[in-house]
Asks: 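Below is the structure I would like to discuss, written out as structure tokens.
In this text the structure is predicted, and so the values were computed from the model without any measurement. Both backbone and side-chain heavy atoms feed into the values below; hydrogens, waters and symmetry mates do not.
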Amino acid sequence: MWILLGITAWIAGWALNVWLAGRSASKITALMVPILFGLTLVLVWEALVRGFGISPVILPPPSAIAARAGESGMILWEDFVQTVIKGALSGYVMGCAAAIVTAIVVDRFDFLRRGLLPVGNFVAALPVIGIAPILVMWFGFDWQSKAAVVVVMVFFPMLVNTVEGLRDTSAMQRDLMRTYAAGYWTTLVKLRLPAAMPFIFNGLKLASTLALIGAIVAEFFGSPIKGMGFRISTSVGLLQLDLVWAEIVVAAIAGSAFYGGMALLERAVTFWHPSQRKGR
Amino acid sequence: MTDPKPEIARHPVIEASGLNLTFDTNDGPVHALRDVNLKVDKGDFVSFIGPSGCGKTTFLRVMADLEQPTSGSVLVNGVTPEVARKARAYGYVFQAAGLYPWRTIGGNIRLPLEIMGYDKAAQAERVRKVLELVELSGFEKKYPWQLSGGMQQRASIARALAFEADILLMDEPFGALDEIVRDHLNEQLLALWARTQKTICFVTHSIPEAVFLSTKIVVMSPRPGRITDVIESPLPKERPLEIRDTPEFLEIAHRVREGLREGHAYD
Amino acid sequence: MTDPKPEIARHPVIEASGLNLTFDTNDGPVHALRDVNLKVDKGDFVSFIGPSGCGKTTFLRVMADLEQPTSGSVLVNGVTPEVARKARAYGYVFQAAGLYPWRTIGGNIRLPLEIMGYDKAAQAERVRKVLELVELSGFEKKYPWQLSGGMQQRASIARALAFEADILLMDEPFGALDEIVRDHLNEQLLALWARTQKTICFVTHSIPEAVFLSTKIVVMSPRPGRITDVIESPLPKERPLEIRDTPEFLEIAHRVREGLREGHAYD
Amino acid sequence: ADEMTVQLKWVTQAQFAGYYVAEDKGFYDEEDLDVTIKPGGPDIAPVQVLLGGGADVMVDWLPSALAARENGAPIVNIAQPFKSSGLMLTCLKETGIETPEDFSGHTLGTWFFGNELPLYSWMSKLGLPTDGSEEGVTIQKINFNVDPLLQKQVDCATTMTYNEYWQVIDAGLTPADLVVFKYEDEGISTLEDGLYTTEENLEDPEMVDKLARFVRASMKGWKYAEENPDEAADIVLENDETGAQTEEHQKRMMGEIAKLTEGSDGTLDPADFERTVEVLLSSGAEPVITEDPGEAAWTHEITDQALN
Amino acid sequence: MRNVIPVLTVVLAIVVLWYGASVQLNKQWALDQAARQDRVLSTAELVADTWSQAKPKLPAPHQVAVELWETVAQKAVTSKRSLVYHAWVTLSATLLGFALGTAFGFLLALGIVYLRVMDMSVMPWVIASQTIPILAVAPMIIVVLNAVGVSGLLPKAMISMYLSFFPVVVGMVKGLRSPSTMQLDQMRTWSATRRQEFLRLRLPSSLPYLFASLKIAMAASLVGAIVGELPTGAVAGLGARLLAGSYYGQTVQIWSALIMAAAVAAAAVGLIGVIQRVTLKRMGLN
Ligand SMILES: Nc1ncnc2c1ncn2[C@@H]1O[C@H](COP(=O)(O)OP(=O)(O)OP(=O)(O)O)[C@@H](O)[C@H]1O
Ligand SMILES: Nc1ncnc2c1ncn2[C@@H]1O[C@H](COP(=O)(O)OP(=O)(O)OP(=O)(O)O)[C@@H](O)[C@H]1O
Ligand SMILES: Cc1ncc(C[n+]2csc(CCO)c2C)c(N)n1
Ligand SMILES: [Mg+2]
Ligand SMILES: [Mg+2]
């Protein structure tokens with residue numbers, strides 16, 4: 001019965017979306033379609049869990065997760081502050097700033113670029129789950145070690161993007177600066193940094209999801225007795241899967257919002273870039 | 001410039017002697033410039049014409065210190081191009097408009113003024129003036145992509161005119177424009193040149209344009225890039241559009257065309 | 001095409017009547033084409049000339065079913081552009097060369113042939129022939145970036161000629177070429193046209209080019225984009241380059257220039 | 001032979017010697033069982049594996065088993081090979097801790113997943129707040145190793161008599177540098193390594209029979225291991241896939257384990273069960289169980305059948 | 001090759017910093033131990049001690065090198081104590097997951113590019129999916145897959161796939177949309193079918209994006225395989241080594257597993273780079 005309901009929900013949701021997408025693209029449909037898609041997914045999930053009688057300690061139904069989220073609002077908020085605000089955000093800011101500064105230095109000295117980028121590639125391939133315990137050992141249990149993990153995670157993607165961006169000026173744009181006898185710093189501020197913005201935002205968007213994951217994963221390897229990663233890892237042990245999923249939902253919402261915020265900022269800053277302009 | 005000038009009394013504005021420039025590429029060297037000699041005096045309007053790849057752009061770039069000659073020398077106002085560049089002697093209009101997309105038209109024109117440290121009021125005044133000159137008043141707040149190709153070209157010309165450089169280097173500035181707009185801008189440029197006594201080096205593919213504008217026409221030829229002819233124009237400084245139907249005009253045009261044809265493989 | 005043709009006996013190749021096309025943009029509608037009427041007969045060589053933004057490209061795109069008119073109709077060989085497109089009636093040369101960088105020159109020319117299902121031998125034969133026509137034999141194996149801009153243009157023309165479409169739509173095909181090369185290609189195009197009896201629609205910014213090539217010159221004007229004049233050329237089909245100095249030629253050129261000037265804001 | 005899968009609570013080590021010995025010595029074969037032993041780890045919740053159908057029996061600790069039960073997992077204790085608890089709190093002597101009264105102002109590291117509850121209930125018995133204040137203690141979650149203690153990030157850390165304690169010793173500290181508090185001695189011990197299965201399995205007579213045979217063979221394995229600790233350790237080592245275990249450590253561990261299984265024939269002592277529940281309910285912290293599950297959470301059916 | 005000297009210089013700088021950091025991080029333990037034994041360490045002794053501890057906070061480079069040498073070169077590759085064996089276990093899951101992820105990402109990108117509904121509905125959720133901490137969900141995925149009878153290599157590969165499909169979707173959507181309007185219009189004037197348009201235009205022009213994505217996907221896939229090893233009993237593989245090292249405080253073992261993981265990733269990514277260069281060269285792109 002429930003399974004049938006799930007299939008119906010899927011078909012109905014999809015059909016509705018096809019119909020909506022076929023209509024003229026307004027702001028509202030652009031927002032409605034993904035929301036409907038998500039709702040359909042949730043319905044199907046609920047139906048399947050109930051239909052197959054899956055134990056709540058393996059996969060709880062969305063209704064139970066929502067109920068739990070309602071009950072444990074305080075815990076979720078406290079964990080959110082610890083992980084997202086203290087850990088992820090501070091690490092994100094430090095990591096991205098450091099990467100941009102490094103990129104400028106690396107870009108200035110070609111020797112460094114050729115030496116650092118290949119080695120950096122290798123270092124970036126080190127899996128977080130290996131690095132996190134080490135950084136927790138070095139920087140202690142509190143948010144500082146989470147920030148450190150985030151710094152390590154976001155640094156390299158950000159560096160690569162910025163270096164790439166700083167090189168993304170056309171020869172003509174640079175020559176123009178030369179004919180004005182503009183110095184290195186003037187060229188940097190007036191030409192190369194603005195031109196690099198699309199790449200920098202690419203990096204910032206990528207880093208926003210990495211930051212959150214990094215902070216949460218780092219908490220698996222040591223944390224004070226609060227934080228989203230802490231809650232997830234300990235609640236699994238206690239089979240409170242509804243709480244685990246509530247935290248995951250918070251993480252996904254926070255991550256998507258973070259990403260979306262960056263995308264909006266990108267739109268505001270790089271409005272001039274062809275990818276941000278509609279039509280021609 | 002029909003009246004003879006005392007050549008020795010002052011430095012020529014540009015003096016190239018025995019200039020060679022070779023690019024090293026994977027399939028061997030490309031001789032972009034071979035033994036180029038040229039003298040440009042103050043107030044000259046020099047056009048460069050020649051088949052694609054004959055080194056016109058390269059020559060302009062050498063003058064502007066954007067490219068280093070392999071041998072020979074260029075002197076600008078008696079000093080090296082580098083010194084001249086640092087003294088901000090040039091206004092350069094590139095082959096494509098090359099406006100910065102993140103700045104408005106006004107912002108683009110203001111850019112060199114900011115770099116050169118003009119104060120705010122002077123910046124605004126100059127921007128207003130050059131925009132008027134190229135007939136773009138009212139577009140100051142627009143972004144480059146909101147303008148048609150021709151308008152972008154004009155904006156980039158305005159940018160080069162905004163700060164008063166004595167030497168204007170223009171690389172096919174009117175390439176993307178239709179005949180009427182082109183005629184109009186030709187007249188404007190001539191008027192500006194007559195008024196300000198700038199020295200202008202101008203690259204074009206159009207023979208009538210070259211003849212109409214110049215006091216001196218430099219015909220170039222490729223492989224290796226070299227100067228094959230330098231034609232001093234006998235036309236008066238005052239040039240209405242109708243001058244293009246005069247026999248003198250057609251005569252010079254003919255000579256340029258012949259020079260050009262030699263540079264090509266056909267016939 | 002100086003001899004009068006029996007207009008009713010056969011379908012015109014292109015027949016636009018009451019054509020309107022409006023683009024909706026953020027700052028309001030842009031009237032790219034307003035009440036356009038035009039008849040093109042088989043074997044005509046039609047040039048479109050007009051200021052930037054007057055709708056030349058848009059008109060060509062409507063003919064090729066790349067853009068849908070807001071109202072009015074276009075018939076191609078008596079059918080809709082869509083049917084004609086599906087019947088592969090067009091060869092289209094775009095404003096920029098637009099070669100695929102991952103295919104050689106030969107591969108690029110072969111591409112439409114592959115799509116249209118020609119067999120291998122026919123493909124090779126046709127590629128050879130058109131390469132010869134645009135004087136690029138020997139460059140078949142080269143990649144686009146190994147060619148100069150002018151050669152790329154010619155390759156893209158060759159691509160449009162390779163499959164024998166009856167209608168050639170060419171959007172400023174010679175825009176980036178210098179005068180000499182341009183003259184040469186003009187002659188080639190005329191010869192091809194005379195030989196094959198194709199119908200050609202040709203956009204250009206050059207008045208002499210339009211007059212030299214066409215049997216019919218369509219002058220357009222912007223805001224809204226519309227046809228202001230259609231000039232039937234009295235020039236003979238046989239046209240040596242020297243025809244450009246004849247009084248008839250200059251006459252027509254003058255008329256085109258006048259028509260053009262009206263479309264501009266100056267004087 | 002009947003197939004059977006057992007999910008362990010932790011990685012392959014002498015803690016589970018009884019099962020490996022039973023397998024290696026053919027005790028399972030004797031009972032006509034074909035047993036697969038799945039090692040565990042920090043990211044494996046045996047209950048999930050059990051309910052997901054990945055195993056028929058699991059080894060788990062009673063606190064986490066009860067927590068799972070309260071969260072909707074119908075699991076039941078069917079045997080209890082471990083009589084006593086190996087948990088203890090190990091403190092660095094240099095911190096000045098000598099008796100439980102000295103805890104105030106210090107940081108105590110404990111494992112979570114339910115293991116923190118006995119500690120909380122101990123602290124509430126001692127009257128120490130756990131909010132990190134000066135008069136109270138700071139409870140710190142630590143992972144399953146002793147690095148935080150060695151690096152002095154905590155003053156005391158949870159250790160097992162048979163494993164982590166010896167890692168501290170191996171790292172270079174001597175027993176004289178340490179002070180230990182065994183949970184067993186402090187009256188806060190909870191039941192460790194028991195065998196659990198689902199209520200559904202217990203309704204199936206065939207399965208009950210299989211489980212009884214399994215428990216019988218396993219207990220035989222345990223008794224063999226107690227008597228031949230060195231051989232048992234060797235068997236464990238052979239079964240270690242990671243190649244990370246050392247002989248010295250496993251032999252020592254087997255010796256300690258033998259002390260914990262001593263005195264159990266596999267039958268759960270209801271008194272021990274009651275004590276565990278009481279400790280859990282009295283912890284005062286965020287409770288993992290809110291009510292006494294009563295007799296539904298254990299059964300003697302299997303052990304009774306196995307021991308006859 | 002002209003990169004050799006800069007790279008070596010940077011590596012050298014890192015090694016020097018590393019040795020310095022080892023002293024800094026390990027000296028506390030050395031001093032404590034000395035204090036417990038009532039000894040006083042000279043600077044030389046201190047440095048020597050920090051570079052040779054059994055369980056250092058940060059092992060010195062040569063300790064890691066020795067461990068790597070012993071576990072890579074001096075053990076038969078089939079031995080459980082050989083790092084090559086463990087690397088292979090991880091690599092096999094990585095490659096399978098990478099293949100699955102690439103295929104899935106590719107299909108999704110196709111859907112997004114060709115179906116308007118998918119374009120509008122799927123992308124935000126693809127992004128949201130990547131904000132879920134995989135380490136938290138991995139055990140559940142493994143259990144659920146186990147419950148439906150999937151076990152062995154596949155569950156690990158699924159987690160690799162989960163991480164690796166994302167860069168492929170993003171890159172391929174961008175790549176498949178990279179042909180210019182003019183190129184698409186050309187195809188229209190020739191009235192090419194959708195299939196022809198895809199094979200002859202969209203696919204070739206997306207290749208540079210594809211390769212860039214594949215490199216990221218490969219690295220992500222390796223992380224996924226390691227994460228996936230933890231809840232499968234962590235019996236073998238580099239993830240298992242990391243974990244086992246962590247229970248027993250074997251920092252040297254952790255670091256050598258880490259370095260091995262990075263080397264495997266670098267090699268796999270390098271291989272894609274080679275394929276990329278060969279393919280693009282054959283296509284005449286650079
Ligand atoms: N950076 C470079 N590297 C190698 N060869 C170059 C470079 N720049 C120019 N060349 C070559 O030098 C020659 C002269 O080029 P240049 O750009 O000066 O020609 P041009 O006369 O300006 O042509 P056009 O009319 O097409 O602008 C050409 O053959 C060109 O291929
Ligand atoms: N897709 C579009 N959306 C909105 N406006 C458009 C679009 N395409 C063309 N236009 C507008 O329609 C008008 C006609 O454009 P079109 O490209 O046909 O001009 P054109 O005559 O070919 O000019 P050019 O000589 O520069 O090629 C212009 O004002 C242009 O801005
Ligand atoms: C709920 C819960 N889950 C896992 C463990 C981990 N664990 C099980 S046995 C053991 C001893 C290893 O020497 C350890 C660390 C635990 N204690 N409690
Ligand atoms: Mg040039
Ligand atoms: Mg056009």
Asks: Do the non-hydrogen side-chain atoms of Arg36(E) and Thr174(D) ever get within less than 4.5 Å of each other?
Replies: no

Asks: Looking at Glu3(D), I want to see if its CD is surrounded by more than 12 non-hydrogen atoms of other residues, nucleotides or ligands under 6.0 Å.
Replies: no

Asks: If you count every heavy atom of other residues, nucleotides or ligands that lies below 6.0 Å from Lys251(D) atom NZ, does the total exceed 12?
Replies: yes

Asks: Where along residues 50-69 of chain E does a heavy atom come under 4.5 Å of chain D, listed by residue number?
Replies: Lys55(E), Lys57(E)

Asks: Between Gln7(D) and chain E, which part of the residue has a heavy atom less than 4.5 Å away: side chain, backbone, both or neither?
Replies: neither

Asks: Nearest heavy-atom pair of Gln48(D) and Val143(E): which atoms, and what distance?
Replies: O-CG1, 3.4 Å

Asks: Quick one: what part of Asp240(D) sits under 4.5 Å from any heavy atom of chain E, side chain, backbone, both or neither?
Replies: backbone

Asks: What pairs of donor and acceptor atoms, side-chain ones from residues 91-99 of chain E against any protein atom, are under 3.5 angstrom apart with sequence neighbours left out?
Replies:
from     : atom 1 : to       : atom 2 : distance (Å)
Ser92(E) : OG     : Trp88(E) : O      : 3.3
Ser92(E) : OG     : Val89(E) : O      : 2.8
Thr94(E) : OG1    : Thr90(E) : O      : 2.7

Asks: Let's test your reading of the structure: which of His249(D), Lys152(D), Lys38(D) forms the most heavy-atom pairs below 4.5 Å with chain E?
Replies: Lys152(D)

Asks: At a heavy-atom distance under 4.5 Å, which candidate from Asp147(D), Leu173(D), Val49(D) has the highest pair count against chain E?
Replies: Leu173(D)

Asks: Does any heavy atom of chain E fall under 4.5 Å from the side chain of Leu150(D), the backbone, both, or neither of them?
Replies: both

Asks: Just to verify, what does Trp166(D) make a ring pair (Phe, Tyr, Trp, His ring centres under 6.0 Å) with, not counting sequence neighbours?
Replies: none

Asks: Mark yes when over 12 heavy atoms from residues, nucleotides or ligands other than Glu94(D) sit less than 6.0 Å from its CD; otherwise mark no.
Replies: yes

Asks: Kindly write out the residues that satisfy ring pair (Phe, Tyr, Trp, His ring centres under 6.0 Å) with Phe82(D), not counting sequence neighbours, or none if the list is empty.
Replies: Trp222(D)

Asks: Answer yes or no: does atom CD of Glu206(D) have more than 12 heavy-atom neighbours from other residues, nucleotides or ligands under 6.0 Å?
Replies: no

Asks: Take atom CE in Met158(E); do more than 12 heavy atoms of anything else shown fall under 6.0 Å from it?
Replies: no

